Peer 1: 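What follows is a single structure, and I will ask about it in a moment.
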Amino acid sequence: MSILFVFPGNESLGASFLKKNPTIVGQMTLHRFPDGENLISIETPVAGQDCIILCTLDRPDEKATALMFMAETLRELGATAVQLIAPYLGYMRQDCRFHPGESITSVIFAKFISTYFDRLITIDPHLHRHKEMSEIYSIPAKVGHAAYKISDWIIENVTDPILIGPDEESDQWVKEVALKVGAPYTVMKKTRYSDTDVRIEIPNIEQYRAYTPVLVDDIISTGRTMIEMVEHLIQAGTKAPICIGVHAVFAGDAYQALKASGAGQIVTCNTIAHESNEIDISEILS
Ligand code: R5P
């Protein structure tokens, strides 16, 4: 049997996961010194055991060093393999050099994870210019999809939905969810001018008045993508749009700003613990 270590901050998802996968829970302590350095202590014997670390990777810089120390310590203590379950995998959006001299952090981060772990499991990573995880990960990297869980939520909670994706990348998620729900869908054209300046064109917007607009995206970070769509739709007189994100990154005051923009409801999967979590994906990790 494997030993599961739940990294601090992942307790809620860890508890749901453990209900479906009874396994040995490893005890560890992460001590952060006043100067910000980390000390990992593994209290459970791991010699000869397969170990799994559950650690979602939003705010990855705060976690990466501790994760590296933990993986290496488990190995030194005799673990036969160290796997990482990262329900949200950060650093996937910088998948090319958009401007001269920029680092392609998705590739560098993939090298880092591939160096310290034997296997990765994640949910809906932002695969756009990289089509497959194997293009950048040299370890087996298994991807689960939240689409059927999102579809179930829409079927139970929304009448007359129309699914709307903000950009071409979202087509993969929106199409799959729409097919399962049996609802129409459409994908917009987005232009990002800066971290917080996003413009989206919504042609023939009046046609959505007959429906409940359900906006679906993989990541809600600054919230500007969702806010831009919500504001256009509300101005056109549609019902208050429902915003669904797989990953509740919510930088700064993004959640409050999205609520204030007129979104009818904001719903996310629990890949990152957040008050908007309504869709449990622990079964997919199982
Ligand atoms: C990017 O292409 C992603 O799919 C999301 O649309 C994006 O990360 C959302 O970011 P924000 O909430 O900052 O607009």
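Along the sequence shown, residues are numbered consecutively beginning with 1. Both counts, for ligands and for their atoms, begin at 1 and track the order of listing. In this text the structure is predicted, and so the values were computed from the model without any measurement.
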Peer 1: Side chain to side chain contact (heavy atoms under 4.5 Å, CB included) with Lys190: which residues, sequence neighbours excluded?
Peer 2: Asp167, Arg192, Val198, Ile200, Thr225
Peer 1: Between Arg224 and Glu228, is there a salt bridge with N-O shorter than 4.0 Å?
Peer 2: no
Peer 1: Using 4.0 Å as the upper bound for N to carboxylate O, is an ion pair formed by Asp280 and Lys20?
Peer 2: yes
Peer 1: State plainly whether the residues Asp58 and Lys63 are in salt-bridge range, i.e. N to O under 4.0 Å.
Peer 2: yes
Peer 1: Any carboxylate oxygen within less than 4.0 angstrom of a Lys/Arg side-chain nitrogen, looking at Arg199 and Asp197?
Peer 2: yes
Peer 1: List by chain and number: which residues place a heavy atom under 4.0 Å from ligand 1?
Peer 2: Arg93, His126, Asp167, Glu169, Lys190, Arg192, Asp217, Asp218, Ile219, Ile220, Ser221, Thr222, Gly223, Arg224, Thr225
Peer 1: May I ask you to decide whether Arg75 forms a salt bridge with Asp118, counting only side-chain N to carboxylate O separations under 4.0 Å?
Peer 2: yes
